[in-house]
Amino acid sequence: MIATLTLLRDEIEPTVGPVNVLSAYRTANYNRKSGGTSSSKHRDFCGLDLIPKSNISRKELVEELRSLHARLGPESNLGLGIYSNLRFHIDTCGYRTW
């Protein structure tokens with residue numbers, strides 16, 4: 001989680017602004033109820049689901065996150081998931097996107 005929080009502090013928040021954490025560690029039961037996969041990075045205390053506090057548009061958020069993923073990707077082991085509205089996921093436990 002330290003690497004994920006460092007990425008959040010040093011790269012995500014300077015780019016998209018402050019965020020609220022919606023989900024971090026999940027028990028197996030809670031993860032199942034949340035619709036998470038059995039291999040969810042939340043289970044390893046590595047993933048965060050976030051939502052910006054600012055008035056950033058979805059289009060701008062997606063562009064900024066994809067740009068960060070492309071720039072930081074393999075070196076930071078950045079996993080990026082973009083969900084509906086402004087909700088998104090980051091982790092540093094495997095370079096991938098969805």
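Every value quoted in this text rests on a predicted model; they were computed, and no experiment measured them.
Residue L80 comes nearest to L65 through the heavy atom pair CD2-O, 3.6 Å, listed as atom of the first residue, atom of the second, then distance. Scanning both residues, L78 and H69, for their nearest heavy atoms gives O-NE2, 3.1 Å. Counting all heavy atoms, side chain and backbone alike, P14 lies closest to L8 at CD-O, 4.1 Å.
In the model, T4 has a side-chain atom that pairs as donor or acceptor with a side-chain atom of T92 under 3.5 Å.
The side-chain heavy atoms of C93 and N77, taken from C-beta on, include no pair separated by under 4.5 Å. In this structure, the side chains of V16 and E60 stay at 4.5 Å or more apart for every pair of heavy atoms. Contact annotation: the side chain of D49 approaches that of Y83 to within less than 4.5 Å [non-hydrogen atoms, C-beta and beyond]. With contacts defined as side-chain heavy-atom distances shorter than 4.5 Å, the pair V19/F88 qualifies. In this structure the side chain of R96 reaches within 4.5 angstrom of the side chain of D91, judged on heavy atoms. The closest side-chain heavy-atom distance from Y95 to E75 is not below 4.5 Å.
Atoms CG and CD1, from L61 and I56 in turn, are 5.0 Å apart once rounded to the nearest 0.5 Å. N20 contributes atom CG, which lies 5.0 Å from atom NZ of K53 (distance to the nearest 0.5 angstrom).
Using a 4.0 Å cut-off between charged nitrogen and carboxylate oxygen, K59 and E63 count as a salt-bridge pair.
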(request) I would like to know whether R58 and N85 meet side-chain contact (heavy atoms from CB on, under 4.5 Å); could you show each step before the answer? (result) CA-CA 6 Å; R58 176 173 169 77; N85 300 315; 5.7 Å; no

(message) I'd like to know whether I82 forms a side-chain contact (heavy atoms from CB on, under 4.5 Å) with H89, so could you lay out the CA-CA distance, the side-chain angles of the two residues, the decisive distance to 0.1 Å, and finally the verdict.
(response) CA-CA 6 Å; I82 300 173; H89 169 102; over 6 Å; no

(request) Mind running side-chain contact (heavy atoms from CB on, under 4.5 Å) on L68 and I12 for me, showing each step along the way? (result) CA-CA 8 Å; L68 279 173; I12 303 292; 3.7 Å; yes

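The 12-atom threshold is not exceeded at CG of N55, counting heavy atoms of other residues, nucleotides or ligands nearer than 6.0 Å.
Both L50 and L72 are members of a single hydrophobic cluster when ILVMFWY side chains are connected at heavy-atom separations under 4.5 Å.
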